[in-house]
A.B. asks: 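Have a look at this one before I ask anything.
Every chain is numbered from 1, with letters handed out A, B, ... down the list of sequences.
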2 protein chains.
Amino acid sequence: MSAADRREQILDVATGLFGDRGFHGTTTDQVAQAAGISQPYVVRMFGTKEKLFLEVLDRALGLLLHTFRRILESPAGDDDRPMQARLGSGYVDLLGTRGVHRTLLHAFVSGNDPVIGAAARRGFVDIYRFLRDEAKFTPAEVEVFLSQGMLFSVLLGIELPAAFGQDSDADELMQVAFADKCGVVLEMAGPGTAR
Amino acid sequence: MSAADRREQILDVATGLFGDRGFHGTTTDQVAQAAGISQPYVVRMFGTKEKLFLEVLDRALGLLLHTFRRILESPAGDDDRPMQARLGSGYVDLLGTRGVHRTLLHAFVSGNDPVIGAAARRGFVDIYRFLRDEAKFTPAEVEVFLSQGMLFSVLLGIELPAAFGQDSDADELMQVAFADKCGVVLEMAGPGTAR
DNA sequence: GGAGGTTGTAATCGGATGATTACTAATCGG
DNA sequence: CCGATTAGTAATCATCCGATTACAACCTCC
């Protein structure tokens, strides 16, 4: 396999693993085994585990913004909902790429780390700038959009969809938070969607 | 020092440390040094690092719910704002106890862990039940309250207040997200509030 | 066909880390 | 004053983990 392809493959599996267990909770050996290669190769290809995580984070942020820009620039077609709702659906659809949401969330709780924290802040502000400058959201719209997005992410973080059916109050909470997107979320992150 | 007092002291410093670096990123030795005792003593007092984290998590959740209940049951007095706003202020005031918000967030991103994840889900559903059954929030009110709370927490997670003044867009984002609470947040979590 | 680059591994190192054991100094009730 | 409980440590263990080094197989182009 070419180094470039291998690189992409490692970043793919690393996104899933970092999403599951975070930076400190994931070992380079787990990444290597998931990619079917040896641990030293992972380290040599990225230099350090931290650089690997930073690349994973950058890719996740890039995918997020790319998804948003595609929606923003695509013709509305038969979708007559406001842009907030359309971008929201795009955010949910990121569930299709394993680990993206949860890797981002892991980065967002690492503000204390001098390197990862700085990258996380930069990434979050980039998203803000997109909503303000490109999507032309008003401050109030930004606040609602980001708020709902973060509740969504945290509920993914605690794996509430994966525990669906075990606690009627938890199921009700999902209904309250995800509303009409509940079905989609359960399809993509519900029980049995595991790794 | 009595074992009970020592226990509380360890839980206090551990809350700060776990809030800063999470479960996997914090060592029992860091906790011990912060408490001014030896590492084996920390381990023996709590059994395992995981049990220590679970106690820290329980305490944080307990403090959160206790704060909410106190506000709910206290007379409105001169505060004529709706209960959503009053509980929101209480949530912000939890910044007064170092590490509570960020420890909770770290737990909320650990849904994958069989033990910590289960505790985190239980805790989040407990909060939901409080809002529904005790605070009598409507589903829409719950959604708004939790959404804003999670955006608030994530912005704390990336240490946006601590980086205040370094990026005008970041400062603007804080204004958009925290609004009238911006001043209080900066006082309690702004630059120079460090450990 | 062989020189050189590319893809990859085996072996190993050094340090960190959670946990265990065995011990000690102080405190306290009788 | 003494036996026992309590608060605490020093030393050490076994393991894990990221990183380094040295080497091997393979491809490719002249």
A.B. asks: Rounded to the nearest Å, what distance is computed from the CD1 atom of residue A:Ile37 to the C1' atom of nucleotide D:dA25?
C.D. replies: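 One finds 16 Å between C1' of D:dA25 and CD1 of A:Ile37, rounded.
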A.B. asks: With the sugar-phosphate defined as primed atoms, P, OP1 and OP2, and the base as all remaining atoms, what B/S/- string results for nucleotides 16-30 of chain C, 5' to 3', for protein heavy atoms under 4.0 Å?
C.D. replies: -SBBB----------
A.B. asks: For residues A:Glu143 and A:Ser147, report the shortest heavy-atom separation together with the two atoms involved.
C.D. replies: O-OG, 2.7 Å
A.B. asks: Taking all atoms of both residues into account, what is the closest heavy-atom pair of B:Ala35 and B:Ile10, and its distance?
C.D. replies: CB-CG1, 4.3 Å
A.B. asks: What is the distance, to the nearest angstrom, from the CD atom on A:Gln33 to the P atom on D:dC16?
C.D. replies: 12 Å
A.B. asks: Kindly calculate the angle separating the two end axes of the helix from C:dG1-D:dC30 to C:dG30-D:dC1, each obtained from five base pairs, and round it to 10 degrees.
C.D. replies: 0°
A.B. asks: Rounded to the nearest 0.5 Å, how far does CD of A:Gln175 lie from CG of A:Asp180?
C.D. replies: 9.0 Å
A.B. asks: Under 3.5 Å, is there a donor-acceptor pair linking the side chains of B:Asp5 and B:Gln9?
C.D. replies: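 No, no side-chain donor-acceptor contact under 3.5 Å.
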A.B. asks: Taking the cut-offs as 6.0 angstrom to the six-membered ring centre and 45 degrees off its axis, would you call A:Arg86 and A:Tyr91 a cation-pi pair?
C.D. replies: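 So A:Arg86 doesn't make the cation-pi contact.
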A.B. asks: Atom CZ in B:Phe124, atom CZ in B:Arg122: separation rounded to 0.5 Å?
C.D. replies: 15.0 Å
A.B. asks: Atom CZ of B:Arg21 and atom CZ of B:Arg102: how far apart are they, to the nearest 0.5 Å?
C.D. replies: 10.5 Å
A.B. asks: Is the cationic atom of A:Arg121 (NZ for Lys, CZ for Arg) positioned less than 6.0 Å from the six-membered ring centroid of A:Phe108 and within 45 degrees of its normal?
C.D. replies: no
A.B. asks: To the nearest Å, give me how far apart CE (B:Met45) and P (D:dT6) are.
C.D. replies: 12 Å
A.B. asks: Side-chain N or O of B:Tyr41 versus OP1/OP2 of D:dT9: is the shortest distance under 4.0 Å?
C.D. replies: no
